[in-house]
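Below is one structure, written out as structure tokens; the observations come after it.
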Amino acid sequence: MQSEPETVCNVAISFDRCKITSVTCSCGNKDIFYCAHVVALSLYRIRKPDQVKLHLPISETLFQMNRDQLQKFVQYLITVHHTEVLPTAQKLADEILSQNSEINQVHGAPDPTAGASIDDENCWHLDEEQVQEQVKLFLSQGGYHGSGKQLNLLFAKVREMLKMRDSNGARMLTLITEQFMADPRLSLWRQQGTTMTDKYRQLWDELGALWMCIVLNPHCKLEQKSSWLKQLKKWNSVDVCPWEDGNHGNELPNLTNALPQGANANQENLGQCKSLEYQHLPAHKFLEEGESYLTLAVEVALIGLGQQRIMPDGLYAQEKVCRNEEQLISKLQEIELDDTLVKIFRKQAVFLLEGGPYSGLGEVIHRESVPMHTFAKYLFTSLLPHDAELAYKTALRAMRLLVLESTAPSGDLSRPHHIASVVPNRYPRWFTLSHIESQQCELASTMLTAAKGDVRRLETVLESIQKNIHSSSHIFKLAQDAFKIATLMDSLPDITLLKVSLELGLQVFPSFVVIITEERNLMQCW
């Protein structure tokens, strides 16, 4: 700034194989990032390499000197910096002159200007102490004064390091995690049986997501992964380590506003996303002909969404399962499907339908497996213009909701790749069940709309609804949807859809009669 006096800072930067391995600056700045003076010197070295004179390691320079030159060098060094180096120089001189000193037991002498050996690990400079202090400070502020934003900036820095394959990414995340584990609020919440704040939960979620990125990194050595696994197990064994659901108490927050509801939920999100254009970037190495980074990304996303997984126990974890699924589907919906991607969708849909215990759309699944309604609706709408038979087969398979079934199909247990549905005597605590049932209803409504005019498909969808949907209100809604679709103003009434509407209405009618009768009896008592 013009109003500030000009200051001169002494900066030293060490390089090793194109990486800054250490920095020092006399400005005294305390931060995890480089100060402006270090950045300025680095840019100066990059932009004007000829202006920065390169020197051989000091050990090589000393080797070229004779006795008189060495004595002159040392005496001038002491003269220029006598107050700083004289005590050290006298101590070293005494030790060198002593035959039994420790310094004379070592061959040669260290040279900080020589750099590391070619076999030594080299990594970018990271001030570990400052990282720990910064994270500790942000956590102590309890989410106030923008501390949450600062922690997210640190997480973004870790992601940037991982993207650049910087080994400091794992080091920095380890330091951050250690400070999170040392947060005194964890013990307090544990003792009081209270829940952590939503902001704090989100920070822990990001922490876990980054560790997944690290341990799944294909470029990491097996020894590194083993070391991280040991460290993660150590943290997990600590009593105060938060559970995945984030709840130690009995409070049940209201999920009505937490998860998007209805047919326009993603939009039986998109509106907020900036429109992006995705392109196929060819990746020739290790890939088959026609594959690109985009096809691989889409295929991995479909594999992940279709994996069979057991619904976790906690409320927060169940909410996160639904939210993460819908966010990933929303991202996929930004991509315009071409012929290459449609082939990927077809291939994965067939794999999921024929899959064993790894597929959520397999013939037999665990009773408490996470339902596939939301994912199947996306697959159905994507496949319908290209392969209607496969689209309906996928959606109809996904309609089941075994957690509400009193008896579950046993399946063909002679086939080893199938797992039997275990039916306990109690219903598990699915806190997101109402949201899941609404997604099941949306899937059914989507199929009814698409099947208009097709008698065979409408009968099949009706049969699936009657078999799998247990909520009277949702059956009634589907009856209304079928009636609206059948009587659109721009076309003649669809008789089959009207019959579907009638059958669904009759199916739910006895329930409403019972409710009305009970209300009348109550009024008579009054």
Side-chain angles (χ1 to χ4, degrees), residues 156 158-167 169-170 209-222 224-225 228 266 269-270 273-309 321 324-363 365 370 372-395 397-398 417:
V158 174
R159 287 189 180 277
E160 181 184 345
M161 290 176 172
L162 296 179
K163 184 178 179 181
M164 301 300 294
R165 300 185 188 178
D166 185 350
S167 60
L210 286 172
W211 273 115
M212 282 194 290
C213 292
I214 287 177
V215 298
L216 293 176
N217 185 355
H219 302 287
C220 292
K221 299 178 181 177
L222 186 60
Q224 290 178 309
K225 293 188 177 182
W228 293 330
N266 286 332
N269 290 338
L270 267 179
C273 295
K274 185 179 180 181
S275 178
L276 298 174
E277 182 178 351
Y278 294 90
Q279 297 178 347
H280 289 282
L281 295 179
H284 304 291
K285 194 174 183 181
F286 307 124
L287 299 182
E288 298 179 2
E289 185 178 356
E291 287 186 325
S292 65
Y293 289 117
L294 180 58
T295 61
L296 289 177
V298 170
E299 188 165 12
V300 169
L302 296 178
I303 292 172
L305 288 166
Q307 290 282 298
Q308 179 174 187
R309 50 202 182 273
V321 166
N324 289 350
E325 179 187 42
E326 291 174 356
Q327 287 176 348
L328 184 52
I329 291 174
S330 177
K331 201 71 178 174
L332 285 171
Q333 286 176 320
E334 298 177 11
I335 303 173
E336 184 177 352
L337 300 186
D338 55 18
D339 292 340
T340 303
L341 293 177
V342 169
K343 291 180 181 178
I344 298 293
F345 271 71
R346 279 177 167 161
K347 181 177 75 171
Q348 282 304 316
V350 172
F351 282 168
L352 290 172
L353 290 171
E354 298 177 352
Y358 299 105
S359 172
L361 291 172
E363 183 180 343
I365 59 172
V370 174
M372 296 281 110
H373 307 134
T374 308
F375 176 45
K377 179 185 173 185
Y378 170 66
L379 279 181
F380 178 79
T381 55
S382 301
L383 287 171
L384 188 62
H386 311 283
D387 193 336
E389 188 67 28
L390 182 58
Y392 276 99
K393 189 175 181 180
T394 303
R397 177 69 64 82
H417 64 278

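Keep in mind that what you see is a predicted model, and the values were worked out from it rather than measured.
- In terms of heavy atoms, P385 sits closest to T381 at CD-O, 3.5 Å.
- Rounded to the nearest 0.5 angstrom, M372 CE and I365 CD1 are separated by 7.5 Å.
- Here the CG-CD distance, from L353 to Q348, works out to 11.0 Å after rounding to the nearest 0.5 Å.
- Interatomic distance, CD1 of I344 versus CG of L296, reported as 8.0 Å (0.5 Å rounding).
- Looking at heavy atoms from C-beta onward, Y392 lies in side-chain contact with L384 at the 4.5 angstrom threshold.
- Residues meeting the side chain to side chain contact (heavy atoms under 4.5 Å, CB included) test with K225, sequence neighbours left out: C220, W228.
- Considering only residues two or more places apart in sequence or on other chains, N217 meets the side chain to side chain donor-acceptor pair (under 3.5 Å) condition with none of them.
- Residues A376 and A395 approach most closely at CB-CA, 4.3 Å, considering heavy atoms.
- In this structure, R346 contributes its side chain and H386 its backbone to a donor-acceptor pair below 3.5 Å.
- Here the side chains of I329 and L305 are in contact, with some heavy-atom distance below 4.5 Å.
- Put simply, the side chain of V298 does not reach to within 4.5 Å of the side chain of L337, judged on heavy atoms.
- The shortest non-hydrogen separation linking A349 to L390 is CB-CD2, 3.9 Å.
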Audit row: R159, L210, side-chain contact (heavy atoms from CB on, under 4.5 Å) steps and yes/no: CA-CA 7 Å; R159 287 189 180 277; L210 286 172; 3.3 Å; yes
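- A distance of 11.5 Å separates NZ of K343 from OG1 of T295, quoted to the nearest 0.5 Å.
- Interatomic distance, K331 NZ to Q327 CD, rounded to the nearest 0.5 Å: 10.0 Å.
- Side chains of L379 and L361 form a contact here, defined as non-hydrogen atoms less than 4.5 Å apart.
- Counting heavy atoms from C-beta on, the side chains of F345 and L302 come closer than 4.5 Å.
- Taking CG of L341 as the reference point, atom CG of L332 lies at 10.0 Å (rounded to 0.5 Å).
- Between the S330 side chain and the E326 main chain, no donor and acceptor come within less than 3.5 Å of each other.
- Within the 4.5 Å cutoff, side-chain heavy atoms of K347 are placed close to those of E299.
- Taking each heavy atom of A391 and F380 in turn, the nearest pair found is O-CD1, 3.3 Å.
- At least one donor-acceptor pair under 3.5 Å links the side chain of S382 to the backbone N or O of Y378.
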